[in-house]
Amino acid sequence: MRIEGNSEIETNMTEAAHKDPLVLFMPSGKRGRFPVGTPVLDAARSLGVYVESVCGGRATCGRCQIEVQEGSFAKHKIVSSNDHISPLGPKEQRYASVRELPDGRRLSCSAQILGDLVIDVPQDTVINAQVVRKAASDRVIERNAAVQLCYVEVDEPDMHKPLGDLDRLKVMLEKDWGWKDLLIAPHLIPQVQGILRKGNWAVTAAIHRDMDSSRPFIVGLWPGLKNEAYGIACDIGSTTIAMHLVSLLSGRIVGSSGTSNPQIRFGEDLMSRVSYVMMNPDGREAMTKAVREAVNSLIGKVCAEGEVDRHDILDMVFVGNPIMHHLFLGIDPTELGQAPFALAVSGALQYWAHEIDIDVNRGARLYMLPCIAGHVGADAAGATLSEGPYRQDKMMLLVDVGTNAEIVLGNKDRVVAASSPTGPAFEGAEISSGQRAAPGAIERVRIDPETLEPRFRVIGVEKWSDEDGFAEAAAAVGVTGICGSAIIEIVAEMYLSGIISQDGVVDGAMAAKSPRIIPNGRTFSYLLHEGQQRITVTQNDIRAIQLAKAALYAGIKLLMEKLEIDHVDTIRFAGAFGSFIDPKYAMVLGLIPDCDLEEVKAVGNAAGTGALMALLNRGHRREIEQTVSKIEKIETALESKFQEHFINAMAMPNKVDAFPKLSQVVTWPEPKVAADDGEGGGRRRRRSRE
């Protein structure tokens, strides 16, 4: 087996091995080459991909199910086909005859690799799946929901007053509740008479009105008293989808769940998905179907958690970046893949949920927050609503770090926004030992600056690697790779420990000091862990992180220049990934500008919180619509100074910008390159260590 991206291994490959099929596992993104005939389960395990199997490969438990994705995946240079996997074997046939094996599913313990493959590990078969870490908000939100339940007792028919049943219902809703000029969802009209008689002329109507200027709609009708209605707040991220189920009457979150975005099999980053749409005639339809199915599945999960009937869901609010926004709504995102990055629609949108195949109450409405710009989407609008830089006296920097970073900067006087193409490196892709945040992934790293020995923590294990009992505890989940938060920490620690220079070059001379500095072709790598999975940080890994962080910092600098400021007062990290970034290491890396560390905070899934606010209070919808119309949008690709800022930001933490506040809490290494150190060079006080 050969793991792609490890040049040390690749240089030792024979010509025959290069002909071995290439297999890519989704959603983990792990890939490698394997001889023809290798069982898919063996390939998965050798790469550290979690595929559950409790029967020892006997094809009796059915837990190791996988799916082959067919098509041309240009980004990965793979043409995947069901012809590239062995036909259904006797063991699978026996299992399928006794227990159900869904169409398109295979048992990875029996299926063998015959050619290049893209393999999807279905999340419904995984118990220890990716840790989707987007938590519900504990914020108190004043309720003013778009849906109101109204119980009325309707007059019975009277031959002397020939008014229809629906019309008498409207009369009582106006008399008892003040609702005038009511419209009704068309599907309810044939049901009105039956519901009225079933309730003995007493019914509960659900009235939906978003804007005060719009006509209200009867969207639901039940016999007798109905005393609960629910709503969904959902953040469709390029990597994960997070959802909250909320009581519209009490404001209580009754269920929360998340899952990997299944579109990741079409491309890890946003531009790859746009390319897939452009290169495949049915690409848009396939991705739209995939994300809608994932949303419907999540609705089932949160309803099960909250013991709620999904048909009691009457209102929904969604956010997402522009490409997720377009694909979810069935809009071709091709124009977003090329200048001038035109959105099909930027304003807030309203739908009947069933019109876009969402399985809830047929009368449920769906509201999508407005997008700010071509690559600053409804998710950034949701985060802006949640954190409110436009409500602040201080200068606030709001950053959502993802495959495409979204940046909002400003205060009550002026707000600017931009996006920056950071790529998927921070989420583990493009990193030789990178993986998503799942049990077994290293999430925290410290390096002793004297011995260069590391210690680390692994998701699913409480102890650090140098503590007694770690090995036994880690045996259950393994040590399988490095997730995003650890990637930031290890590169920053390598710099602070002198392993890499300010320009990000691994110092091969350090090999004399530690056996952890190992040759890797013409460069050097740092050995973080030697075990069943050999985990190293290569020169290419460091370059990938430098490129990602430089793109983000350059975007921030452009916004600072637009506002004519030289510092920010407060920084907020939004998103699931941002919740687990240590602010000190983010600053050491040069991901964000210098700031008092006490003023740098993670705010979790701020986009989801914004969706929650808009769900529970329709006034927040008007607030963010008005705010977005005033935000100034900056297109980084058109700014002449972006390249200059980008080059300076490739250095650790930056070639020209000072970090005086950070210098008070860290010890900088002795400079190893000839450069103007400014505030960033030379030794300072000893940094505190955990």
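Positions are given from 1, in the same order as the sequence printed here.
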Quick check: does any side chain N or O of [X] sit under 3.5 Å from a backbone N or O of [Y], one acting as donor and the other as acceptor?
{"X": "N280", "Y": "D282", "value": "no"}
{"X": "D400", "Y": "A405", "value": "no"}
{"X": "R105", "Y": "I66", "value": "no"}
{"X": "E92", "Y": "L107", "value": "yes"}
{"X": "S80", "Y": "L117", "value": "no"}
{"X": "S275", "Y": "M271", "value": "yes"}
{"X": "N296", "Y": "E293", "value": "no"}
{"X": "Q191", "Y": "H187", "value": "yes"}
{"X": "S433", "Y": "G481", "value": "no"}
{"X": "R273", "Y": "S238", "value": "yes"}

Problem set entry | Residue pair I85, I113: steps toward the side chain to side chain contact (heavy atoms under 4.5 Å, CB included) verdict | CA-CA 5 Å; I85 199 168; I113 298 165; over 6 Å; no
For this session: Begin from the C-alpha positions of N261 and T239 and carry the test side-chain hydrogen bond (donor to acceptor under 3.5 Å, both in side chains) through to its verdict.
Result: CA-CA 5 Å; N261 188 330; T239 304; over 6 Å; no
Distance (rounded to the nearest 0.5 Å) between [X] [atom1] and [Y] [atom2]:
{"X": "I78", "Y": "Q69", "atom1": "CD1", "atom2": "CD", "value": "12.0 Å"}
{"X": "R252", "Y": "Y230", "atom1": "CZ", "atom2": "OH", "value": "6.5 Å"}
{"X": "I236", "Y": "R292", "atom1": "CD1", "atom2": "CZ", "value": "9.5 Å"}
{"X": "S86", "Y": "D83", "atom1": "OG", "atom2": "CG", "value": "11.5 Å"}
{"X": "R45", "Y": "Q533", "atom1": "CZ", "atom2": "CD", "value": "13.0 Å"}
{"X": "S260", "Y": "Q263", "atom1": "OG", "atom2": "CD", "value": "12.0 Å"}

For this session: Evaluate the criterion side-chain hydrogen bond (donor to acceptor under 3.5 Å, both in side chains) for residue pair S257 and E305; output intermediate values, then yes/no.
Result: CA-CA 9 Å; S257 190; E305 179 184 337; 5.6 Å; no
Could you report the tightest heavy-atom contact between [X] and [Y], atom names first, then the distance?
{"X": "P439", "Y": "T480", "answer": "O-OG1, 4.2 Å"}
{"X": "M278", "Y": "T334", "answer": "CG-CG2, 3.7 Å"}
{"X": "V461", "Y": "A474", "answer": "CG2-CA, 3.8 Å"}
{"X": "D20", "Y": "F34", "answer": "CB-O, 3.4 Å"}
{"X": "A441", "Y": "C483", "answer": "CB-CB, 4.0 Å"}
{"X": "S110", "Y": "K91", "answer": "OG-CE, 3.6 Å"}

For this session: Using the six-membered ring of Y367, assess whether NZ or CZ of R621 lies under 6.0 Å from its centre and within 45 degrees of the ring axis.
Result: yes
Exercise. Could R365 and W352 be counted as a cation-pi pair, given that NZ or CZ must be under 6.0 Å from the ring centre and within 45° of the axis?
Worked result: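 The answer is yes, since R365 meets both limits relative to W352.
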Do [X] and [Y] touch side chain to side chain, with heavy atoms closer than 4.5 Å?
{"X": "E67", "Y": "P122", "value": "yes"}
{"X": "P102", "Y": "Q65", "value": "yes"}
{"X": "R310", "Y": "D359", "value": "yes"}
{"X": "F25", "Y": "V40", "value": "yes"}
{"X": "E228", "Y": "S247", "value": "yes"}
{"X": "F266", "Y": "L327", "value": "no"}
{"X": "H325", "Y": "V319", "value": "no"}
{"X": "F341", "Y": "E335", "value": "no"}

For the [atom1] atom on [X], are there more than 12 heavy atoms of other groups (residues, nucleotides or ligands in this structure) within a distance under 6.0 Å?
{"X": "E307", "atom1": "CD", "result": "no"}
{"X": "Q532", "atom1": "CD", "result": "no"}
{"X": "K289", "atom1": "NZ", "result": "no"}

Exercise. Stepwise, does the side-chain hydrogen bond (donor to acceptor under 3.5 Å, both in side chains) test hold for T288 with R284?
Worked result: CA-CA 6 Å; T288 295; R284 199 280 303 158; 3.1 Å; yes
For this session: Give the C-alpha distance, both sets of side-chain angles, the deciding distance and a yes or no for side chain to side chain contact (heavy atoms under 4.5 Å, CB included) between Q350 and L366.
Result: CA-CA 6 Å; Q350 292 264 12; L366 187 151; over 6 Å; no
Problem set entry | Trace of the side chain to side chain contact (heavy atoms under 4.5 Å, CB included) decision for I241 with D235 | CA-CA 6 Å; I241 304 172; D235 172 18; over 6 Å; no
Problem set entry | CA sep, side-chain torsions, deciding dist, call: I535, V479, side chain to side chain contact (heavy atoms under 4.5 Å, CB included) | CA-CA 9 Å; I535 299 173; V479 181; 3.7 Å; yes
Exercise. Are any of the side-chain nitrogens in D116 or K77 under 4.0 Å away from the carboxylate oxygens of its partner?
Worked result: no
For this session: Applying side chain to side chain contact (heavy atoms under 4.5 Å, CB included) between I232 and each of V246, V302, L615, report the one that passes.
Result: V302
For this session: Evaluate the criterion side-chain hydrogen bond (donor to acceptor under 3.5 Å, both in side chains) for residue pair T538 and N540; output intermediate values, then yes/no.
Result: CA-CA 5 Å; T538 69; N540 286 341; 5.1 Å; no
